[in-house]
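Before any comments, here is the structure.
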Protein chains: 2
Amino acid sequence: MPSTNQKKPRAHFRRVAPDDRARQLAEATLRCIQKKGSAGISARQIAAEAGVTQGLITHHFGEIGELVAYAFDVMSEGLLEAIMAATEAAPNTPQARLEAYIQASFSQSFFDQEVLRVWVVFWGLILHSPRMSSSQKREYSGFLTSIERLLIDLAANEGFVIADTRLAAIAFNALLDGLWLAWCLNPEAFRPEEGAALCRQWVEGLRRGASAQHQAGS
Amino acid sequence: MPSTNQKKPRAHFRRVAPDDRARQLAEATLRCIQKKGSAGISARQIAAEAGVTQGLITHHFGEIGELVAYAFDVMSEGLLEAIMAATEAAPNTPQARLEAYIQASFSQSFFDQEVLRVWVVFWGLILHSPRMSSSQKREYSGFLTSIERLLIDLAANEGFVIADTRLAAIAFNALLDGLWLAWCLNPEAFRPEEGAALCRQWVEGLRRGASAQHQAGS
DNA sequence: AGCGAAATTATACGATCATATAACAAGGTC
DNA sequence: GACCTTGTTATATGATCGTATAATTTCGCT
């Protein structure tokens, strides 16, 4: 008997400041991507994950792509800030700071499959979203500059020469991203501490003057 | 006047051997991913790209995910085979073979944004597709083994020691993938020949004994 | 030549998608 | 305590999605 003709009452809710709501939606987006990859990106799924209705996404972000890009910003900036905080917290020597950067990169907080899964999906999205691409360029530049400073200080302190610090930073960051990727796709391939050791060995190669050899075009 | 009541005739077609058709569909899939990333993956879009109807995908692959995984296999195996072919074609010295591997990796054929775009999208898909993940594990192992052999031969020939060749291969491959990724996301960051130089410098670090330092757990 | 297997097209169906619009309610402000 | 801004829900719309099913054509085989 469907005769109980009571209209279900409109759901109650509490207002939230736009910035807070935006962040909640971004975090729900990250969880959705974590669970189902790029297939988890849809207004309905994200709204359900955040416990709100879809219209709220339109209201705060317009189109869904803007929310995804914002979620990328949140994650990306959080990552760089956290790694830099760990670096700043280390003793003020070039060696200790670089070591802190490496250790943070392979610590449980970041070298975590659930985190890296999201990261890898974003990489695939950046290529087709100008909005996300510009964020990535900015963040990438931030990472490079940080690494470059660490390397310059180390070289000055220990008295060795780096032929091109920008390129060296690109290589270091590439090694880091590549290890993140490889471990994320294949966690049994190596252990986090082995990944950190591989980064240290790259630095050791730098110490021993490897960067002065085999320059492009030589 | 819509009175011309002629039913439009059923479209003509030619039969194609299942293996050939499967490959055509896989190549159409790669083109769709190239154009629109993971958003380009749909039975309708891929079928249109291949010039056939959607039903053909169901007929040959069952579900769409199987086609995508097969497309990944096609691309992945093709890549490894092509790089290995370039390596085999080099003079039979460890130095020349490793150099050929590096040069192939940064040659216009592979170090190409249109190719790498697809590669990066696949990375994001692997994480949520057991079928693709098992393909990736097999292919990754193939890459590692190839690199490991190159490094072992080089070390034996030049008389230096690599502490752990498996880990060294992992690092080399990670550097390569990381440089592919960085350049794909940010092509203005460095030139292909600079990427190749960074790989050579990593090898130079290996020559100078960097891998014996800073072992994990020491 | 024509029979039959199967490759291919054509169509249908229900689910889910993004997004727009209107109705509503929460909470600060006066 | 009433008002007004706006955050939020509710609903509608048309497009696209994956996949199943039936009708049809192609082509090897005898």
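Just so you know, these numbers use all the heavy atoms, side chains as well, and skip hydrogens, waters and symmetry mates. Chain identifiers are assigned alphabetically (A, B, ...) following the order of the sequence lines, protein sequences preceding nucleic acid strands; residue numbering begins at 1 within each chain. What you see is a predicted model; the values in this text were computed from it and never measured.
As rounded to whole Å, 11 Å separates atom P of dT19(D) from atom CD of E66(B). L25(A) places its CG atom 13 Å from the P atom of dG7(D), with the value rounded to the nearest Å. Rounded to whole Å, atom P of dA6(C) lies 15 Å from atom CG of D19(B). Whole-Å rounding puts the F61(A) CZ to dT8(D) C1' distance at 15 Å. Straight-line distance from the CG atom of L56(A) to the P atom of dT6(D): 15 Å, rounded to whole Å. Protein atom CG of L67(B) is 11 Å distant from nucleotide atom P of dT19(D), rounded to whole Å. With rounding to whole Å, I46(A) atom CD1 is found 16 Å from dT16(C) atom P. The nearest whole Å value for the distance from the NE2 atom in H60(B) to the C1' atom in dA7(C) is 6 Å.
S134(B) places a side-chain N or O within 3.5 Å of a backbone atom of R131(B) that can act as its donor or acceptor partner. Side chain of D112(A) to backbone of E114(A): a donor-acceptor contact under 3.5 angstrom is found.
Side-chain contact annotation: Q24(A) with R21(A), donor-acceptor N/O pair under 3.5 Å present.
Phosphate proximity of dC17(C) to Q45(A): present, with a side-chain N or O under 4.0 Å from OP1 or OP2. Within the structure, every side-chain polar atom (N or O) of H59(A) is placed at least 4.0 Å from both OP1 and OP2 of dT8(D). Side-chain nitrogen and oxygen atoms of T53(A) include none within less than 4.0 Å of the OP1 or OP2 phosphate oxygen of dT8(D).
Listed here is the closest heavy atom pair of I170(B) and A189(A): CD1-O, 3.7 Å. In terms of heavy atoms, C184(A) sits closest to L116(A) at SG-CB, 3.6 Å.
For S42(B) and R21(A), each mapped to the nucleotide of DNA chain D holding its nearest heavy atom, the one lying further toward the 5' end belongs to R21(A).
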Quiz prompt | Footprint string (nucleotides 19-30 of chain C, 5' to 3'): B base within contact, S backbone only, - free, heavy atoms under 4.0 Å | solution = B---BSBBS---
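Put simply, CG on L176(A) and OH on Y101(A) are 6.5 Å apart, with the number rounded to the nearest 0.5 Å. Taking CD1 of I83(A) as the reference point, atom OG of S105(A) lies at 4.0 Å (rounded to 0.5 Å).
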